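Working notes, beginning with the structure itself.
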Amino acid sequence: MTPHPVPDAANSSSPALRRRWRRALLWGALVGLLLVAQSLLVALTLSYEAARSQEQVDQVAAEVAARAKQLAGRELQSLQALLWAEVHDARWHSEAAELLRFNRPVLRIEYRDARRQVQTAVESPFVTPLFAQLSRDQMQLETELACAAALRQGTPLFSRSYFVPLAGGEGLEVVDLCLPQLRAGQPQAYVVATLGLRQLLDEATTSEHARHHELSFVEGDGTRLARVGLTRGAGYYQAERVVDLAGLSLQLRVDSAAGQPKLIPNLATALVLGLSLALFAVVLLLARDVRRRAFAEHALAESLAFRQAMENSLITGLRARDMAGIITYVNPAFCAIVGFPAEALLGQSVPPYWPPEFVEEYQRRHRDRSARMEAGLDPRQGFETVFMRRSGERFPVLIFEAPLLNAEGQQTGWMSAVLDVSAQRRVEELSRQQQDRLQATARLATVGEMASLLSHELNQPLSAISSYATASLNLLTHEAADPQTPDMVRQAVTRIAEQAARAGRVIKSVHDFVRRREQAREPIAVDELIDAVLPLVSLQARKSGTRIELDLPHPAPRVCCDRTMVEQVLLNLTRNGIQAMDGPTPPAERVLTLRVRQLQQRWVSIAVSDRGPGIAPAIAKQLFTPFFTTRSEGMGLGLSLCRTVIEQHGGAMDFETRTEAAAGLPAGTEFRFTLPSAERAALASPTDEGGIQA
């Protein structure tokens with residue numbers, strides 16, 4: 001078997017997959033760009049915060065350095081006033097003490113002679129004497145160098161810093177400012193002021209700076225010389241400035257207490273993060289909305305495709321018209337019905353498929369329909385009308401119309417379903433013609449059936465008449481002298497008259513039977529039926545040596561039947577039984593039994609039994625088939641007509657092949673039929689007679 005090609009599901013859905021992947025890539029790119037943008041924004045915000053903090057530290061360092069330099073210059077100017085005062089003058093000491101009191105960075109002022117020997121000195125009242133632990137002679141190396149340099153340059157100079165130990169294990173980092181007094185280029189005296197670096201730094205620092213920063217003078221290797229402000233800075237934002245003094249450069253370091261900027265505590269960063277989260281939330285909502293819109297569009301596309309497929313598969317034409325009767329929509333089936341394309345129909349108030357002679361009527365019908373809608377009556381209706389094809393052919397159509405409503409429930413027009421019923425009408429016409437032909441054929445068949453029945457039923461009385469007539473002639477010819485001959489001839493003639501009357505009744509009964517008229521039924525005892533046919537049966541039995549046995553209850557039950565037809569049934573069954581035993585059955589065993597039984601007080605069973613060879617199963621299947629017979633001279637209508645007669649009376653006919661109990665051989669056939677009892681016929685309606693089994 002050649003395998004059928006299987007559609008590739010991947011190929012069939014590749015456009016949808018490509019659209020889905022493209023949409024996913026776009027959304028992924030959008031989310032990625034948002035992540036990058038927001039990350040950069042946060043990074044820039046953090047960088048801005050760091051730069052601003054660093055700028056603040058740089059500004060503090062610059063301010064403190066400038067202040068320190070300004071203080072040093074102020075101290076220098078104050079000390080220069082002491083150069084021109086006499087050391088032995090009391091005013092020098094008072095001016096020096098005054099200077100120390102208002103200039104806290106100056107810790108000690110010395111007046112030295114030309115050989116730079118200390119003549120006198122004044123200590124600051126705010127600190128302990130500097131050289132209490134070590135003498136001044138031991139701590140003046142840097143002072144000597146500064147004074148020597150100042151003498152050479154002829155200008156005041158600062159010495160290098162040095163550490164002065166104090167009581168209690170403490171100490172101070174100080175510098176000396178040496179101011180030489182020159183006359184004619186020769187040194188006359190020196191004023192040396194000792195300045196504490198910590199006091200200088202503390203004086204240059206404001207309380208605001210000290211609260212948020214650690215400020216210190218450091219050496220090149222990072223060793224702190226003096227420090228003010230916080231105990232220790234955070235070490236993240238630092239700034240250094242050089243304080244240039246005459247003969248001395250001090251490196252100022254400012255260390256902020258602020259650390260690395262964090263995300264959450266920072267207001268700007270928190271604001272940026274909040275806005276970013278809000279933006280992501282909006283993007284998610286937008287994505288969900290777009291996803292729902294995509295699903296809705298997909299469902300709408302599926303619905304439209306389904307609707308399109310449904311419309312294309314319909315054989316019913318669909319037509320939509322507005323309130324003015326202008327066509328707004330037609331489906332392909334409608335175009336196929338009328339033979340016009342959709343372009344020729346849309347927008348037409350008088351469509352081309354309306355026959356010209358019906359235009360006014362159709363327009364009036366449309367106005368009536370609108371009036372019914374306005375009056376609140378049910379506008380839906382179906383009607384049959386006539387349309388015209390493009391070829392001019394008129395054809396009938398069946399139209400069902402209903403109001404066309406919009407989304408607000410307002411009527412905007414009419415929707416019509418149009419069925420082309422021309423084929424149906426043709427089929428109905430053909431069916432009517434065929435029905436007429438069938439009725440004619442049935443009448444011919446009835447005529448044939450009546451002729452066959454008449455020939456079959458009249459055969460027996462005519463045969464009897466012929467037999468009686470032949471017997472009468474024989475008696476008059478050969479036994480005319482016999483005194484019993486006239487009585488026998490009279491009896492035969494009487495029988496001939498009876499059989500002639502019987503033949504007349506047969507003709508009438510068969511005629512009524514064929515025409516399905518009500519038969520002339522009458523209540524009659526079963527023994528009378530048997531007595532009527534018994535002479536003919538005895539005559540036939542006598543020829544074959546058959547013995548007739550009667551099994552009748554006393555009194556005999558009465559039945560309601562067409563006597564003549566039932567007598568014909570009895571004659572037919574008895575004759576068949578006698579003929580079945582003629583030949584295969586020994587003469588001593590040829591017995592024909594007629595048995596009558598009352599069944600349930602409403603039915604009477606009559607059975608005719610023979611002792612013939614029975615009926616083979618192959619023959620039994622077709623025994624009641626019309627024109628089926630096993631005899632060469634038979635017509636095959638006897639049993640069929642017998643069963644028809646019994647069924648016309650509401651009874652049933654059946655047969656049974658009896659077998660010998662010991663040998664299992666056929667022991668004859670019994671035909672049974674039922675007739676309604678006379679009591680049942682008097683009580684029950686004629687329609688109650690069916691459905692009773694024998």
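None of the values given here were measured: they were computed from a predicted structure.
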Side-chain donor/acceptor of [X] to backbone N/O of [Y], under 3.5 Å:
X	Y	value
Trp92	Leu82	yes
Ser313	Met310	yes
Ser124	Phe126	yes
Ser256	Ala258	yes
Gln153	Thr155	no
Thr412	Leu404	yes

Return the [atom1] to [atom2] distance between [X] and [Y], rounded to the nearest 0.5 Å.
X	Y	atom1	atom2	result
Phe158	Leu177	CZ	CG	4.0 Å
Cys147	Gln140	SG	CD	9.0 Å
Ser53	Tyr48	OG	OH	10.0 Å
Leu141	Asp137	CG	CG	12.5 Å
Glu142	Leu248	CD	CG	10.0 Å
Leu33	Leu40	CG	CG	10.5 Å

Subject >> Arg211, CZ: over 12 other non-hydrogen atoms inside 6.0 angstrom >> reply: yes

**OP:** Taking atom CD1 of Ile315 as the centre, report whether more than 12 heavy atoms of other residues, nucleotides or ligands fall under 6.0 Å from it.
**Re:** no

**OP:** Could you give me the CA-CA distance, side-chain angles and deciding distance for Tyr353 and Phe334, then say whether side chain to side chain contact (heavy atoms under 4.5 Å, CB included) is met?
**Re:** CA-CA 11 Å; Tyr353 55 79; Phe334 186 86; 3.6 Å; yes

What's the shortest heavy-atom distance between [X] and [Y], and which atoms?
X	Y	result
Glu203	Pro105	CB-CG, 4.0 Å
Ala150	Leu157	N-CD1, 3.4 Å
Gly259	Tyr237	O-CE1, 3.1 Å
Ala257	Ala234	O-CB, 3.5 Å
Ala193	Val106	CB-CG1, 4.2 Å
Thr205	Ala210	CG2-N, 3.8 Å

If you define the side chain from C-beta out and look only at heavy atoms, does anything of [X] sit under 4.5 Å from [Y]?
X	Y	answer
Val192	Tyr111	no
Leu71	Leu200	yes
Leu100	Ile109	yes
Leu252	Leu201	yes
Ser161	Leu197	yes
His213	Asp255	no
Arg198	Phe217	no
Phe163	Pro165	yes

Pairs in or reaching into [range]: which pass side-chain hydrogen bond (donor to acceptor under 3.5 Å, both in side chains), with residues at least two apart or in two chains?
range	result
residues 68-83	Arg74-Asn103
residues 174-189	Arg136-Asp176, Thr143-Asp176, Tyr162-Asp176, Asp176-Thr194
residues 328-350	Glu311-Tyr329

Subject >> Sequence neighbours excluded - salt bridge (Lys or Arg N to Asp or Glu O under 4.0 Å) pairs with any residue from residues 120-135 >> reply: Arg108-Glu123

**OP:** Could you note down all residue pairs passing salt bridge (Lys or Arg N to Asp or Glu O under 4.0 Å) where residues 219-244 supplies at least one of them, sequence neighbours left out?
**Re:** Glu214-Arg224, Glu240-Arg253

Subject >> Candidate pair Thr120 and His93, rule side chain to side chain contact (heavy atoms under 4.5 Å, CB included), full reasoning >> reply: CA-CA 9 Å; Thr120 184; His93 287 274; 2.9 Å; yes

**OP:** Carefully, step by step, assess Phe131 and Gln138 under the rule side chain to side chain contact (heavy atoms under 4.5 Å, CB included).
**Re:** CA-CA 9 Å; Phe131 303 105; Gln138 296 174 333; over 6 Å; no

**OP:** Would you verify whether the NZ or CZ of Arg116 falls within 45 degrees of the ring axis of Tyr190 while also being under 6.0 Å from that six-membered ring's centre?
**Re:** yes

**OP:** Evaluate the side chain to side chain contact (heavy atoms under 4.5 Å, CB included) criterion for residues Leu318 and Val418: first the C-alpha distance (whole Å), next the side-chain angles of each, then the deciding distance (0.1 Å), finally the verdict.
**Re:** CA-CA 6 Å; Leu318 297 178; Val418 181; over 6 Å; no

Original post:
Can a salt bridge be assigned to the pair Glu49 and Arg52 using a cut-off of 4.0 Å between side-chain N and carboxylate O?
Top reply: yes

List the atom pairs, with distances to 0.1 Å, where a side-chain N or O of residues 279-303 and a protein N or O form a donor-acceptor pair under 3.5 Å, not counting sequence neighbours.
| residue | atom | partner | partner atom | Å |
| --- | --- | --- | --- | --- |
| His298 | NE2 | Glu302 | OE2 | 3.4 |

